[in-house]
Amino acid sequence: MPASQDTRRFWLMKNEPDEYSIDHALSAPDATIAWNGVRNYQARNFMRDDMQVGDGVLYWHSSCAEPGIYGIARIAGNLRVDPSQFDPADPYYDPKSSPDKPRWLTLDVQALRKTRPLLIAELREQPALAHMRVLQKGNRLSITPVSTEEWQVIEGLLQGR
DNA sequence: GCCAACGTTGGC
DNA sequence: GCCAACGTTGGC
């Protein structure tokens with residue numbers, strides 16, 4: 001598809017590999033997992049307002065020995081209420097949310113492939129990625145937008161360009 | 001395990 | 001509606 005017709009947006013989504021690694025996602029039925037547990041309004045709003053089926057996703061492993069990009073995924077849609085917020089036994093339980101006024105949403109993410117690890121140090125070497133959200137000091141947001149330019153630079157790194 | 005940075009809470 | 005206190009995130 002010509003780049004001019006490519007209306008995808010791009011995202012970076014963090015997951016702890018202990019919970020949902022790229023390998024785990026790839027081994028799920030249809031390689032698709034529900035992106036549960038988002039408990040930040042900005043991240044929720046990205047899911048609710050901006051994500052479209054087919055958008056590209058950089059699959060990030062966080063809170064681990066070597067944080068970085070470990071795979072490529074796509075937004076598979078099916079935006080819905082995140083059931084984990086109502087379950088007191090769930091680590092993502094939110095006592096302030098209620099079924100008649102749910103706070104949190106989930107959607108499906110389909111893993112496409114594992115990549116070689118693109119670690120933070122390597123990403124920081126790329127001047128074109130200097131403004132990438134995930135590389136900014138103090139960034140904690142688990143879902144961040146990725147620009148088309150950043151996406152292309154990362155594709156290039158993965159292809160050895 | 002540390003701790004800087006950030007988002008949320010709640011008293012006022 | 002301000003803002004100090006608190007809890008959490010996540011790289012290091």
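Per chain, numbering begins at 1; letters A, B, ... match sequence-line order. We use all heavy atoms of the structure for the numbers below, so side chains are in, but hydrogens, waters and symmetry mates are not.
A salt bridge links A:Asp94 with A:Arg103: the closest approach of a Lys/Arg side-chain nitrogen to an acidic carboxylate oxygen falls below 4.0 angstrom. Under 4.0 Å is where a charged nitrogen must lie from a carboxylate oxygen, and between A:Asp50 and A:Arg9 at least one such pair does. At a threshold of 4.0 Å, the pair A:Arg39-A:Asp82 counts as salt-bridged, since one of the basic side-chain nitrogens sits closer than that to a carboxylate oxygen.
A straight line from CG of A:Leu135 to C1' of C:dG10 spans 14 Å, rounded to a whole angstrom. Taking atom CG of residue A:Asn40 and atom C1' of nucleotide C:dG10, one finds them 14 Å apart after rounding to whole Å. Atom pair A:Gln42:CD and B:dA5:C1' shows a separation of 14 Å (rounding to whole Å applied). For the pair A:Tyr93 OH and C:dT8 P, the computed distance is 16 Å after rounding to whole Å. Whole-Å rounding puts the A:Gln136 CD to C:dC12 P distance at 13 Å. For the pair A:Arg44 CZ and B:dG7 C1', the computed distance is 14 Å after rounding to whole Å. The nearest whole Å value for the distance from the CZ atom in A:Arg140 to the P atom in C:dC12 is 16 Å. Put simply, CZ on A:Arg103 is 11 Å from C1' on B:dT9, counting in whole angstrom units.
A sub-4.0 Å separation between OP1 or OP2 of B:dT9 and a side-chain N or O of A:Lys96 is present. Proximity of A:Lys14 to the phosphate of C:dG10: a side-chain N or O atom is located under 4.0 Å from OP1 or OP2. At the phosphate of C:dT9, neither OP1 nor OP2 sits under 4.0 Å from any side-chain N or O atom of A:Trp60.
Contacts of A:Arg39 with the nucleic acid, taken as non-hydrogen atoms under 4.0 Å apart, are absent.
Considering A:Tyr70, A:Trp35, A:Trp11 as possible partners of A:Tyr59, the one that fulfils the ring pair (Phe, Tyr, Trp, His ring centres under 6.0 Å) test is A:Trp35.
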